[in-house]
There are 2 protein chains.
Amino acid sequence: MTIDDRALAFETALRRAGVRITRQRAALLRVLAATHDHPDATMLHARANEAGAGVSLATVYRTLSELESQGMINKVEFEGEPARFELADQRHHDHMIDVDTGEVMEFFNDRIEKLQAEIAAEMGYEIVRHRLDLYVRKLS
Amino acid sequence: MTIDDRALAFETALRRAGVRITRQRAALLRVLAATHDHPDATMLHARANEAGAGVSLATVYRTLSELESQGMINKVEFEGEPARFELADQRHHDHMIDVDTGEVMEFFNDRIEKLQAEIAAEMGYEIVRHRLDLYVRKLS
DNA sequence: GTGCATGCAAATGCTTTGCAATTAG
DNA sequence: CTAATTGCAAAGCATTTGCATGCAC
């Protein structure tokens with residue numbers, strides 16, 4: 001799926017949900033469709049405007065909320081920094097954060113997922129969602 | 001260890017670290033020593049003042065920072081709420097949050113801990129710290 | 001045309017900080 | 001005595017919101 005395809009898919013999904021596609025939203029969708037890292041609202045704002053879009057930060061926040069409640073992006077909150085965002089059209093995964101560089105990596109481990117569900121079940125609960133963040137340092 | 005013992009242990013550790021024990025700090029240490037839940041700064045402020053202490057919120061925050069950098073308490077940041085605090089003098093554990101009641105429970109699973117370390121090692125990293133939060137709902 | 005979306009600036013909520021007054025050791 | 005600590009009010013930061021104007025459909 002190309003960036004254009006993805007941006008178009010976003011637009012279609014939003015239209016279907018009764019959301020109007022404004023110039024600002026189209027620009028943000030394009031920026032998001034091209035995203036391979038974990039930018040925060042300010043970064044997305046900067047990227048949209050670098051592309052000549054003219055979008056206010058308030059609109060960035062409003063659009064991100066909308067996209068999140070549509071389930072199209074995920075908000076990721078690491079400790080002590082502004083919320084970051086990632087595309088939701090991927091398999092579930094957890095995050096590793098390099099404490100020296102700030103780099104965010106993704107990983108998935110099925111055994112951990114299963115163990116979490118078991119632990120919750122043993123205590124009489126089911127998991128609604130979970131967050132597993134590993135703050136790591138490169139081995140020397 | 002009683003609450004008084006614990007409060008005294010805190011004082012001793014702080015004095016040893018060259019931190020002065022003021023009336024305000026003593027009151028907060030007492031409140032913390034009696035803590036079995038996961039209060040935030042405002043709650044701790046309220047509890048200290050209910051006990052007739054006369055402590056400002058700024059001092060609560062400053063004391064919590066001090067205690068955290070001394071490794072005596074841990075700051076716990078759940079999604080979308082003010083930071084909470086817990087005593088550090090316990091075995092490491094993770095948290096389960098009941099999404100309906102807000103109740104916070106603790107659990108520990110050695111297999112999950114080991115798997116995390118293995119995953120990090122495979123990717124060439126060592127874990128500095130980690131956070132695992134399960135947002136759960138009671139099974140009906 | 002009509003109502004949803006925008007920009008702006010002000011408000012919010014949590015947390016930190018500058019500074020003059022106070023107090024622990 | 002004197003340097004650390006406090007309270008207060010102001011500032012900081014990320015995020016949200018009220019409102020008048022603008023624009024998508």
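Computed from a predicted structure; not experimentally measured. Every chain is numbered from 1 and lettered A, B, ... according to where its sequence line falls, protein lines coming before strand lines.
For the pair A/Leu57 CG and C/dA11 C1', the interatomic distance rounds to 15 Å; values are reported in whole Å. In this structure, CG of A/Asp40 is placed 12 Å from C1' of D/dC13, rounded to the nearest angstrom. Taking atom CD of B/Glu79 as the reference point, atom P of D/dT15 lies 13 Å away to the nearest angstrom. Atom-to-atom, NE2 of B/His45 to C1' of D/dC8 comes out at 12 Å; the value is rounded to the nearest Å. Separating the CD atom of A/Glu66 from the P atom of D/dT15 is a distance of 18 Å, rounded to the nearest angstrom. Going from atom CG of A/Leu14 over to atom P of D/dA24 covers 15 Å, rounded to whole Å.
Among D/dG18, D/dT15, D/dT5, the nucleotide with an atom closest to any side-chain atom of A/Arg62 is D/dG18. Between C/dA5, C/dT15, D/dA14, one nucleotide has an atom nearer to the side chain of B/Ala41 than all others, and that is C/dT15. Here the side chain of B/Pro82 is nearest to one of C/dT6, D/dA4, C/dT15, namely C/dT15. When distances are taken from the side chain of A/Ser65 to each of D/dG7, D/dT16, C/dT6, the shortest belongs to D/dT16.
Looking at A/Arg30 and A/Asp4, a side-chain N of the basic residue comes within less than 4.0 Å of a carboxylate O on the acidic one, giving a salt bridge. Ion pair A/Glu79/B/Arg129 flagged as a salt bridge, since at least one NZ, NE, NH1 or NH2 atom sits closer than 4.0 Å to an Asp/Glu carboxylate oxygen. Salt-bridge check for B/Glu11 with B/Arg15: passed, with a basic side-chain N closer than 4.0 Å to an acidic carboxylate O.
B/Tyr61 has a side-chain polar atom (N or O) that falls below the 4.0 Å cut-off from OP1 or OP2 of C/dT15. Neither OP1 nor OP2 of D/dA24 sits under 4.0 Å from any side-chain N or O of A/Gln24. Here A/Arg25 reaches the OP1 or OP2 of C/dT6: one of its side-chain N or O atoms lies under 4.0 Å away.
In this structure, A/Gln116 and B/Leu132 have side chains that are in contact, with non-hydrogen atoms separated by less than 4.5 Å. Between A/Leu28 and A/Phe10, the closest side-chain pair of non-hydrogen atoms is not below 4.5 Å. For the pair A/Glu113 and A/His130, the minimum side-chain heavy-atom distance is below 4.5 Å.
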Practice problem: Mind running side-chain contact (heavy atoms from CB on, under 4.5 Å) on B/Thr63 and B/Val55 for me, showing each step along the way? | Solution: CA-CA 11 Å; B/Thr63 302; B/Val55 185; over 6 Å; no
Exercise. Begin with the C-alpha distance, continue with both residues' side-chain angles, and end with the deciding distance and a verdict on salt bridge (Lys or Arg N to Asp or Glu O under 4.0 Å) for B/Arg47 and B/Asp37.
Key: CA-CA 13 Å; B/Arg47 291 181 197 177; B/Asp37 53 351; 2.7 Å; yes
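Taking the six-membered ring where the residue is Trp, the centroids of A/Phe78 and A/His38 are separated by 6.0 Å or more.
The residue among A/Val19 and B/Arg84 whose nearest nucleotide of DNA chain C lies closer to the 5′ end is A/Val19. Mapped onto DNA chain C by nearest heavy atom, A/Gly18 and B/Ala58 fall at different nucleotides, with A/Gly18 at the one closer to the 5' end.
Residue contacts for B/Gly54: at a heavy-atom cut-off of 4.0 Å it reaches the sugar-phosphate backbone alone, with no base atom in range.
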Report all interatomic pairs (protein N or O, nucleotide N or O of nucleotides 21-24 of chain C) with separations under 3.5 Å.
{"from": "C/dA24", "atom 1": "N3", "to": "B/Arg20", "atom 2": "NH1", "distance (Å)": "3.1"}

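Against DNA chain C, the stretch residues 4-11 of chain A makes no heavy-atom approach under 4.0 Å.
B/Asp5 approaches B/Thr2 most closely through the heavy-atom pair N-OG1, 3.0 Å.
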